[in-house]
Amino acid sequence: MTQPQKDGDADVDIDASLTRRGLELECDNRIKDPLLIVRGGAANRAVDESTARKMNKIRDAIFPVYGIDEMKKFFLLGALKFFIIIVLTITRDTKDTLVVTQCGAEAISFLKIYGVLPAAVLFTALYGKASSVLPREVLFNVTCIPFFLFFLAYDFILRPNLGVLERTITFEGNNEVIGKILSHWTSALFFVFAEIYSSVSIGILFWKTANDFVSPKEAQRFYPLFAYTSGFAPILAGQYISKFASQASSLDHSMRRLTFAISASAILILGLNRAICATYNVVEKSNDSKKVKKQKPKMKMSESIAFLASSKYLRCLATMVVSYGLMYNLTEVSWKSLLKKKHPDALSYQRFMGNFSSIVGASTFIVIFAGTNVLKHLGWRMSALATPIVMVLFSLPFFTNLLLFNLDKSEKLLDWGVSIGTILILLSRSFKYGMFDATTQMAYIPLDDESKVKGKAAIDVLGSRLGKSGASFLQQGLILMFGNVLNAAPVVCTIYYAIAFFWLNSVQTLGGFYTEMTSDINAPIRKDKKSR
């Protein structure tokens, strides 16, 4: 039986209940207090959102690649370019070491006209035919494997038999330069292969692959960042040359170390291309582009050049590529001639070139960071103008030094001349890798497949060769007229700045075309970022 509750006990229960209810109400009031909400939750959320926005801005400026799929695509393509440039850096420094120390810097002008230019024309013709019949991956392999095999054969077949092979050709003429080239024809052959590879490697092997698998929207974020591999790869390759290869007991042992790095990189290049082709589909083009691709005819070499000449867009792009080659090479031979006087030994010269390549790579990082933001905020035109403007400004002290001083008089003057020339070549290469390559390759994106394949092959190989060989032809003529390059410095200076004028004018014209053709692509970029 339940006992009746006493009055005192009831009062205690009522008080306890009221106390609990009061505490609950107080807690509810504290939770609902606006001041506490601002101080507690919203304030923290506001700080987090502000921090996130700042971090996103930093991310957008430094590494605007988003999502696992984009990351994978970017790093596969970036690794492909990295190892392509490893081979490019090693072979470029090696060809200079072989030719300059054995034949003299003057031999470069002869080799570029009578060796490299015909080889470039032949390669362009063969590539144009191969691109019409071979699948994309097969075309890539057929393009690069012959170069890798030659570099391997040079070390294991040609160099061990130099004493026999180089006796097979003799020269009895009065031209000392040609005599040296023929007596060291194996080094001259290496020079030709390395020069053609320098055009094929970046222009066709990498950028054509990137253009096939990267969409226009991705390209505006990816392409400036791809230049980072153009900076880091020469740093590693240059130090490999300087700290390891050039420390060998002889040039033959140094070549063996270099060949190992070339062969290992070649295997990785082929593997990465296989992975890219197996993982991603080619970016779809517009209906008009597809129609052009279906109707694409097989073109002869002469027809390919005529096709290039018929397009004002491609003519402007070709002018940019040729102008860079002319301006760069007009100053390169004089610099290397001075460099040989300072470093006559092959291993010493090789060591300098390795360190120089590393410095070029390091400085490229700075140019890339600036170029990424210039391209993002100021557009294609301003980015394309940066390289010629820098070359014009920094060539002034170099030409002034050639005109006012005789650099052969003293060691200090020679060191000063080499230093000034090194700075000019350093900036020319850094801006090429950091800004020029990205902007010129972006210009191919709005084009149809036929213009990309035929026009790109003609511009990247034949166009760049015309720039280099054209400069060499001018230098040969000036040497015959003035006796040497130093006496011809006023004429070289005039030609240099005349070419710069045409280059700047072509960028202005092409900038208008590019903006018009990509206006529908550029508009939605900010919305896409917000949606992410």
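FYI, side chains are in, hydrogens and waters are out, and symmetry mates aren't considered; it's all heavy atoms of this structure.
- When Leu98, Thr91, Val100, Ile108 are each tested for a side chain to side chain contact (heavy atoms under 4.5 Å, CB included) with Phe191, only one passes: Ile108.
- With sequence neighbours excluded, the residues forming a side-chain hydrogen bond (donor to acceptor under 3.5 Å, both in side chains) with Ser358 are Gln239, listed by chain and number.
- Between Asp212 and Lys208 there is a salt bridge, since a side-chain N of the basic residue sits under 4.0 Å from a carboxylate O of the acidic one.
- Under the 3.5 Å distance criterion, the side-chain polar atoms of Tyr197 are left unmatched by any main-chain donor or acceptor of Arg92.
- Within a 6.0 Å sphere centred on CD1 of Ile68, other residues, nucleotides and ligands contribute 12 heavy atoms or fewer.
- Relative ring orientation between Trp503 and Tyr324 is described as perpendicular, the plane-to-plane angle rising above 60° on a 0-90° scale split at 30° and 60°.
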List the steps and the verdict of side chain to side chain contact (heavy atoms under 4.5 Å, CB included) for Leu139 and Tyr127. CA-CA 8 Å; Leu139 179 63; Tyr127 182 83; 3.6 Å; yes
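- Looking only at side-chain heavy atoms (C-beta outward), Ile181 and Tyr114 stay at 4.5 Å or farther from each other.
- A 4.5 Å side-chain heavy-atom check between Gln350 and His343 finds every atom pair outside the cut-off.
- A pairwise comparison of heavy atoms in Leu510 and Cys316 identifies CB-CB, 4.0 Å as the closest pair.
- Residues Phe190 and Thr186 fail the side-chain proximity criterion, which asks for heavy atoms closer than 4.5 Å.
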Give the intermediate values and the outcome of side chain to side chain contact (heavy atoms under 4.5 Å, CB included) for residues Thr143 and Phe123. CA-CA 9 Å; Thr143 302; Phe123 174 86; 3.8 Å; yes
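- Not a single donor-acceptor pair under 3.5 Å links the side chain of Ser242 to the backbone N or O of Gly238.
- The backbone N or O of Leu330 lies less than 3.5 Å from no partner atom in the side chain of Ser334, so there is not a single donor-acceptor pair.
- When the shell of 6.0 Å around OH of Tyr313 is examined, it contains more than 12 heavy atoms from other residues, nucleotides or ligands.
- For the atom pair CG of Leu165 and NE2 of His184, the computed distance is 13.5 Å after rounding to the nearest 0.5 Å.
- Under the 3.5 Å distance criterion, the side-chain polar atoms of Arg381 are left unmatched by any main-chain donor or acceptor of Val507.
- Of the possible donor and acceptor atoms, none in the side chain of Thr101 sits under 3.5 Å from a partner among the backbone N and O of Asp345.
- Proximity of Pro234 to Ile85: side-chain heavy atoms (C-beta onward) are separated by under 4.5 Å at one or more points.
- Shown here for Ser132 and Gly128, the closest heavy-atom pair between the two residues is OG-O, 3.2 Å.
- Remark: Ser199 OG to Leu205 CG distance equals 11.0 Å, nearest 0.5 Å.
- You'll find the side chain of Gln102 stays beyond 4.5 Å of the side chain of Lys180, heavy atoms only.
- Trp335 and Thr422 form a side-chain donor-acceptor contact under 3.5 Å, judged by distance and modelled atom types alone.
- If you check the side chains of Tyr328 and Arg429, you find a donor sitting under 3.5 Å from an acceptor.
- The shortest non-hydrogen separation linking Leu317 to Thr440 is CD1-O, 3.9 Å.
- Shown are Leu326, Val392, Leu504; of these, the side chain to side chain contact (heavy atoms under 4.5 Å, CB included) with Ile499 is made only by Leu326.
- With hydrogens and angles ignored, the 3.5 Å screen pairs no side-chain donor or acceptor of Asp155 with any backbone N or O of Phe151.
- Formation of a donor-acceptor pair under 3.5 Å by the Ser263 side chain with backbone atoms of Phe260 is not found in this model.
- Nearest heavy atoms, Thr97 versus Asp93: OG1-O, 2.8 Å.
- You'll find the side chain of Tyr154 reaches within 4.5 Å of the side chain of Ser187, heavy atoms only.
- Enclosure of atom CZ in Phe150 by more than 12 non-hydrogen atoms of other residues, nucleotides or ligands within 6.0 angstrom is indicated.
- Ile425 CD1 to Asn329 CG: the interatomic distance, rounded to the nearest 0.5 Å, is 8.5 Å.
- Taking both residues in full, the closest heavy atoms of Val333 and Ser109 are given as CG2-OG, 4.0 Å, listed atom of the first, atom of the second, then distance.
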Quick one, Ile241 with Met353, criterion side chain to side chain contact (heavy atoms under 4.5 Å, CB included). Give me CA distance, side-chain angles, the key distance, then yes/no. CA-CA 8 Å; Ile241 294 170; Met353 294 304 297; over 6 Å; no
Apply side chain to side chain contact (heavy atoms under 4.5 Å, CB included) to Trp207 and Lys81, showing your working. CA-CA 9 Å; Trp207 283 117; Lys81 189 180 184 186; 3.8 Å; yes
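- In this structure, the separation between CG on Leu149 and SG on Cys144 is 9.5 Å, given to the nearest 0.5 Å.
- With values rounded to the nearest 0.5 angstrom, Ser131 atom OG is found 11.0 Å from Arg136 atom CZ.
- Side-chain atoms of Lys342 and Tyr349, non-hydrogen and from C-beta on, never get closer than 4.5 Å to each other.
- When every heavy atom of Val87 is checked against every heavy atom of Ser265, the shortest pair comes out as CG2-CB, 3.5 Å.
- Aromatic pair Phe436/Phe431: ring centres not closer than 6.0 Å.
- Side chain of Asn273 to main chain of Ile269: no donor-acceptor pair is present (N/O by atom type, distance under 3.5 Å, no hydrogens or angles).
- With values rounded to the nearest 0.5 angstrom, Leu111 atom CG is found 12.5 Å from Leu117 atom CG.
- Looking at heavy atoms from C-beta onward, Ser363 lies in side-chain contact with Leu426 at the 4.5 angstrom threshold.
- More than 12 heavy atoms of other residues, nucleotides or ligands shown are found within 6.0 angstrom of NZ on Lys340.
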